[in-house]
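The block underneath contains the structure these notes are about, expressed in structure tokens.
Start at 1 and go down the list; that is how both ligands and their atoms are numbered.
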Amino acid sequence: MGTPSIKWQSFIAELRRSIVSARDDHKTLALIIVEIRQFHVLSLQHGFNNSEALVRLMLERTSACMKNATTVTRIGSDKLVIILSDVAVPELMPIAAQKIFTALTSPYTIYGAEMTISPAIGVALFPQHADTAEALMAEAEFSLAISLDTAAPYVVACESLAAGNLLTSEMENNLHHALFNDQIKLYYQPQINLTSLQPEGAEALMRWVLPDGNTTSPSQFIPLAESSGKITRLTEWALNTAMREMVALESQGQPLSVSVNVSPESIYDPDLLVTVESALAIWGLSAQRLTLEITESTLIKNHELCFKHLSQLRELGIKIALDDFGTGFSSLSYFKSIPADEIKIDQSFVKNMEGNNDDVKIIELIIDLSHKFGLQVVAEGIESKEVLLQLQAMGCDYGQGYYMARPMEFSTYRQWLASYDAASLAR
Ligand code: C2E
Ligand code: MG
Ligand code: MG
């Protein structure tokens with residue numbers, strides 16, 4: 001190995017200082033290394049001046065999308081390094097890395113010529129992955145090497161451990177690591193406008209996808225997250241992921257809405273407002289396209305505080321849906337004051353409505369009452385054409401259920417939208 005350049009030495013010195021401060025302040029620090037794949041080929045094709053201008057633009061774009069970065073600089077000819085010295089939510093690092101990747105891959109116009117690049121990104125965190133500047137650099141470089149080898153847009157250090165088969169079964173059982181290792185996913189279940197039969201959005205439903213491909217239902221792990229205090233981070237992750245994926249759909253000409261489930265704990269958390277507000281700003285999703293679903297039973301705990309938080313959230317322009325309606329025994333008097341936009345009729349009424357006159361009467365009543373108070377109605381658990389047509393005739397606004405589509409991965413949802421045929425639903 002040759003003598004390290006002065007720039008490299010001064011960067012390591014800076015990283016050391018940042019680590020000392022992070023340790024003193026009990027903060028998480030992230031080191032991100034970006035390498036431009038095939039930079040030497042680009043330089044040969046476009047010339048030295050153009051490739052230098054390209055790196056300057058990359059630095060500008062990285063600084064613009066990582067406003068919290070304390071350092072964004074170049075090391076060597078084809079690498080950028082970024083230090084984030086106060087990472088509030090380490091589980092969101094994959095999203096930050098994706099954001100850098102997205103910012104750097106849109107085309108550059110340099111002296112009239114268009115250029116595109118493919119960056120590889122490696123990320124490591126202090127104190128999670130290493131506790132000295134040199135060790136952190138080595139971890140981030142190792143992640144970068146995997147990103148370069150596998151064509152993955154980015155690799156966070158823990159993922160590189162997983163790739164090295166060092167993941168223990170203890171870690172597999174741990175939600176924290178599941179988030180780090182990209183095992184938590186959002187699945188999407190389309191919501192159909194029952195008048196036009198067109199999809200207008202989807203409900204985002206969490207899945208824990210184990211390395212063997214099996215998925216775990218949120219009914220199993222959400223209570224675990226709630227009791228272990230991890231729900232705030234999961235909610236934050238779900239909101240950011242759903243918005244990022246909706247913005248990706250919009251860029252393909254499909255501006256659809258998304259509903260994200262929010263646990264009672266999160267509704268009572270005063271920080272949720274800031275989380276939603278900043279996620280809207282980060283992703284640039286228009287607020288009307290986001291709905292938060294809360295269960296009817298959330299209201300019962302402390303309805304004044306809950307109403308206050310819901311009203312503040314609605315002031316951002318987002319919608320609130322009351323999930324599993326009909327099961328929580330909330331007082332009908334709430335109807336006149338509830339800060340919500342949508343009622344979701346619980347699937348237990350919908351699934352059995354064929355041949356069950358009592359369920360039909362309850363659904364009619366909920367639709368009528370909701371409409372009288374200016375609320376829209378979504379029926380969940382539609383499993384047959386007959387139920388779909390009956391709900392349509394009853395004036396229900398939206399529907400979701402296995403008859404139209406099961407919850408699916410984002411990539412499958414994209415394909416489903418592309419091949420959707422409304423006419424086939426009523427055939
Ligand atoms: P939910 O919000 O009421 O979601 C609807 C559930 O019904 C989903 O189960 C969905 O897969 C299922 N479902 C949809 N259509 C049908 C149908 O036609 N027939 C039947 N039998 N079931 C149908 P899933 O995904 O297992 O979610 C269960 C619950 O877990 C959700 O109920 C929600 O309360 C909670 N949950 C899901 N994702 C999240 C999340 O990101 N955060 C929080 N806090 N809770 C979540
Ligand atoms: Mg829901
Ligand atoms: Mg529900």
Side-chain angles (χ1 to χ4, degrees), residues 91 175 178-179 183-192 199 201-209 214-243 245 257-269 272 275-276 279 290-298 319-328 340-354 363 366 377-388 390-391 396 398-410 412-413 416 425:
E91 289 83 351
L175 263 183
L179 253 183
Q183 287 178 9
I184 304 281
K185 306 258 182 228
L186 279 186
Y187 275 38
Y188 293 90
Q189 184 176 39
Q191 296 183 327
I192 311 285
E203 176 173 8
L205 293 156
M206 237 182 240
R207 294 289 178 272
W208 186 343
V209 185
N214 287 326
T215 56
T216 310
S217 151
S219 312
Q220 286 169 294
F221 67 82
I222 295 280
L224 179 78
E226 285 171 344
S227 62
S228 64
K230 293 207 165 62
I231 193 65
T232 312
R233 289 186 172 182
L234 275 181
T235 304
E236 196 161 356
W237 174 86
L239 282 164
N240 278 279
T241 303
M243 289 192 212
E245 296 188 324
S257 305
V258 69
S259 299
V260 176
N261 291 281
V262 179
S263 289
E265 279 72 7
S266 302
I267 287 293
Y268 288 101
D269 179 354
L272 180 69
T275 303
V276 173
L290 176 69
T291 301
L292 298 190
E293 295 193 5
I294 58 151
T295 54
E296 189 195 357
S297 50
T298 309
K319 294 192 190 130
I320 301 291
L322 214 51
D323 205 356
D324 301 345
F325 191 81
T327 59
D341 304 271
E342 216 172 80
I343 295 289
K344 294 192 78 177
I345 307 176
D346 189 62
Q347 48 175 287
S348 58
F349 301 105
V350 179
K351 269 196 292 200
N352 303 326
M353 68 187 267
E354 261 182 291
I363 293 174
I366 297 177
V377 186
V378 184
E380 51 183 13
I382 302 178
E383 292 187 354
S384 69
K385 183 175 83 180
E386 290 66 32
V387 168
L388 173 82
Q390 202 174 350
L391 285 162
C396 183
Y398 295 93
Q400 68 184 89
Y402 292 172
Y403 177 64
M404 287 83 93
R406 288 188 178 244
M408 53 196 139
E409 279 188 66
F410 180 61
T412 317
Y413 176 45
W416 182 90
L425 281 187

*Could you tell me whether Thr235 approaches ligand 1 through its side chain, its backbone, both or neither, with non-hydrogen atoms closer than 4.0 Å?*
neither
*Consider every N or O of Ile222 and every N or O of ligand 1, then say whether any pair is closer than 3.5 Å.*
no
*Has Arg207 got any heavy atom lying under 4.0 angstrom from an atom of ligand 1?*
yes
*So which protein heavy atom does atom 42 (N) of ligand 1 come closest to, and at what separation?*
Asn261 O, 3.3 Å
*Answer yes or no for Gln400: is there a heavy-atom contact with ligand 1 below 4.0 Å?*
no
*Backbone of Glu265 reached by a side-chain donor or acceptor of Ser263 within 3.5 Å*: no
*Under 2.8 Å from the Mg ion (ligand 3), is there an N/O/S atom belonging to Asp323?*
yes
_Is Lys344 close enough to touch ligand 1? Criterion: a residue heavy atom under 4.0 Å from a ligand atom._
no
*Flag Thr295 as yes when one of its N or O atoms lies below 3.5 Å from any N or O atom of ligand 1, and as no otherwise.*
no
*Taking distance alone, with no angle check, do Tyr403 and ligand 1 share an N/O pair under 3.5 Å?*
no
_the Mg ion (ligand 3) to Glu380: nearest N/O/S atom name_ = OE2
*Counting backbone and side chain alike, does Glu293 bring an N/O/S atom below 2.8 Å of the Mg ion (ligand 3)?*
no
*In Å, rounded to the nearest 0.5 Å, how long is the span from OH of Tyr413 to CG of Leu186?*
12.0 Å
_Region of Pro407 engaging ligand 1 - heavy atom pairs below 4.0 Å_ = side chain
*Do Lys344 and Glu293 sit within salt-bridge range, that is, some charged N less than 4.0 Å from a carboxylate O?*
yes
*asked:* Regarding Gln400 and Gln191, do their side chains bring together a donor and an acceptor under 3.5 Å, going by distance alone?
replied: yes
*Starting from atom 6 (C) of ligand 1, which protein heavy atom do you reach first, and at what distance in Å?*
Gln347 NE2, 3.6 Å
*Backbone N or O of Glu386 within a donor-acceptor pair of the Tyr403 side chain at under 3.5 Å?*
no
